[in-house]
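Source: prediction; values computed, not measured. Numbered from 1 within each chain, the chains take letters A, B, ... in sequence-line order.
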There are 2 protein chains.
Amino acid sequence: MPHEVERRTLTRYLEEHSLKQTKQRDAILDIFLGATGHVTSEEIFNRVRKKHPNIGYTTVYRTMKLLCDAGLASERHFDDAITRYEIAHEHHDHLVCLRCGKIVEFECAMIESTQNEIAARYGFRVLRHRHELYGHCGNCRDEVDLGGRTPS
Amino acid sequence: MPHEVERRTLTRYLEEHSLKQTKQRDAILDIFLGATGHVTSEEIFNRVRKKHPNIGYTTVYRTMKLLCDAGLASERHFDDAITRYEIAHEHHDHLVCLRCGKIVEFECAMIESTQNEIAARYGFRVLRHRHELYGHCGNCRDEVDLGGRTPS
DNA sequence: AATGAAAATGAACGTGATTTTCAATTTCAT
DNA sequence: ATGAAATTGAAAATCACGTTCATTTTCATT
């Protein structure tokens, strides 16, 4: 059975909160974990529908929220109005290609420590952060450069 | 007359684009410049209404977009689904208090240069970035600590 | 000052993502 | 097996924002 650990995490969370285990929740967790990267509710809905044609959009939204509460998923908002979900793991930051939509994750300990230093300077305690670099990835950069007007 | 420079910038932009100067646009610019920090369309709408009770929400949205185009304002999206506007000025990043909503701006050259270095490593060209630290400001931190359960 | 074409306004309606409502169904401790 | 509590899903509501379009304003030109 796939995603043993996460499924157990969910079960534990459900038990602790007097919530119930349902096939919909299991299915959504499975699809979510099987998807790579940063999925939208719509993507999850479409994929889950293949196995469970009667599942509702509502349930997807509710379950994704649940997975966030259970610490299995986390919400991300990039520059559009759409909520994306990623598998919860350690702090990391993102490179987002504005042309093709590619998203790359990176980590940088140096930036992390500098952040805390700056926050302290203003009396803040940092709980979480968001750090996103928007631009063009290698491919798109080349295409943009070629497509652009070449200098006379 | 307040906000001389900005008003002139707007006038120049309107002329250059064959757009018209209207009392609504003037009023919205004025309110926007008079407000501190990071305002929402709603806040601007409410304040402008006091002087111009018939102004519509639509006009506020349109005008804020116009001010962005004219380089006087810039859009910001923090963690919620609401668009905020700030007076346009050089790149800077934000500290956001999750409890009282206070927003502090900061700049850090070191982080900026590190960003480019990282991007280059992944073949990206950075066009813009977003860097936000979420946590508790000095006041809220104290209140949270006092209100919380003290260790036995 | 009057004209009129182009632009702006605002009320109502549309949209897209997400949430709420609620009657019907499912889970699970007993 | 039972039933109280939780869950589901379809439809309607919401929320922020965009579009439409008939009416009003602006402003260069008379």
Checklist entry - Within the pair Tyr61(B) and dC17(D), is there a side-chain N or O less than 4.0 Å away from OP1 or OP2? => result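 So the side-chain polar atoms of Tyr61(B) do come within 4.0 Å of the phosphate oxygens OP1 or OP2 of dC17(D), strictly under.
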Checklist entry - Counting only side-chain N and O atoms of Thr83(B), is one of them less than 4.0 Å from OP1 or OP2 of dC17(D)? => result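 Affirmative; the distance criterion is met.
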Next on the checklist: Applying a 4.0 Å non-hydrogen cut-off, can you work out what Glu42(A) is touching in the nucleic acid: base, sugar-phosphate, or nothing?
Outcome noted: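 Result for Glu42(A) = nothing.
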Checklist entry - Rounding to a whole Å, what distance do you find between Lys23(A):NZ and dA6(D):P? => result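 Checked: the NZ to P distance equals 19 Å.
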Next on the checklist: What is the distance, to the nearest angstrom, from the OH atom on Tyr57(B) to the C1' atom on dA16(D)?
Outcome noted: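 About 8 Å, once rounded to whole Å.
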Can you pull every protein N or O that's under 3.5 Å from an N or O on nucleotides 27-30 of chain D?
from	atom 1	to	atom 2	distance (Å)
dC27(D)	OP1	Gln21(B)	N	3.0

Nucleotides 19-24 of chain D: which of its N/O atoms have a protein N/O under 3.5 Å away?
none

Checklist entry - First contact, last contact: which nucleotides of DNA chain C are these for chain B, 5' to 3', heavy-atom distance under 4.0 Å? => result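 Counting from the 5' end, contacts occupy dA6(C) to dA12(C).
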Next on the checklist: Donor-acceptor check, side chain of His89(A) to backbone of Ile87(A), threshold 3.5 angstrom: yes or no?
Outcome noted: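 A pair under 3.5 Å: yes.
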Next on the checklist: So His94(A) and Val104(A), do their side chains get closer than 4.5 Å, heavy atoms only?
Outcome noted: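 Side chain of Val104(A) against side chain of His94(A), heavy atoms only: no contact under 4.5 Å found.
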Checklist entry - What side chain to side chain donor-acceptor pair (under 3.5 Å) pairs are there with at least one residue in residues 42-70 of chain B, not counting sequence neighbours? => result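 For residues 42-70 of chain B: none.
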Item to check | Side-chain ion pair, Asp30(A) and Arg7(A), N-O less than 4.0 Å | outcome: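 Salt bridge: yes.
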Item to check | Thr22(A): partners by side-chain contact (heavy atoms from CB on, under 4.5 Å), with sequence neighbours left out | outcome: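 Applying side-chain contact (heavy atoms from CB on, under 4.5 Å) to Thr22(A) gives Gln24(A), Arg25(A).
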Next on the checklist: Quick test of your reading: applying ring-ring contact (aromatic ring centres under 6.0 Å, His included), list the pairs with at least one residue in residues 114-134 of chain B, sequence neighbours left out, ordered by first then second residue.
Outcome noted: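 Residue pairs with at least one partner in residues 114-134 of chain B: His131(A)-His131(B).
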